[in-house]
Amino acid sequence: MYIDFNTIQPLVALLAGILILISPRLLNYVVAAYLIFVGVTGLLPHLG
């Protein structure tokens, strides 16, 4: 099974949005985690 990062990113964004709606105090952590995730997935194709 092949997992494309372009299909994972919207799911992560949806999960982040739900977490922020549930607990707005998590906003800083959720945004930071999302940015790290996007950065790592953007670098992976160039590292291999």
Side-chain angles (χ1 to χ4, degrees):
M1 183 173 151
Y2 178 72
I3 298 175
D4 188 15
F5 289 116
N6 291 330
T7 59
I8 293 176
Q9 287 181 352
L11 294 174
V12 172
L14 181 63
L15 179 64
I18 291 170
L19 287 175
I20 291 169
L21 282 175
I22 292 172
S23 178
R25 291 183 185 182
L26 290 175
L27 179 62
N28 292 333
Y29 299 109
V30 170
V31 170
Y34 180 74
L35 290 174
I36 290 170
F37 174 77
V38 169
V40 168
T41 57
L43 288 176
L44 282 178
H46 301 291
L47 296 177

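Legend: residues meeting side-chain contact (heavy atoms from CB on, under 4.5 Å) with Ile18, ordered by chain and number and at least two apart, are Leu14, Ile22.
In terms of hydrophobic clustering, with Ile, Leu, Val, Met, Phe, Trp and Tyr side chains grouped at heavy-atom distances under 4.5 Å, Val31 and Leu26 are assigned to a common cluster. The hydrophobic clustering, which links ILVMFWY residues whose side-chain heavy atoms are closer than 4.5 Å, places Leu15 and Ile20 together. Cluster membership for Ile8 and Leu35, using ILVMFWY side-chain heavy atoms within less than 4.5 angstrom, is not shared.
Judged by distance alone, the side chain of Thr41 and the main-chain N or O of Val38 form a donor-acceptor pair under 3.5 Å.
You'll find the side chain of Leu19 stays beyond 4.5 Å of the side chain of Tyr29, heavy atoms only.
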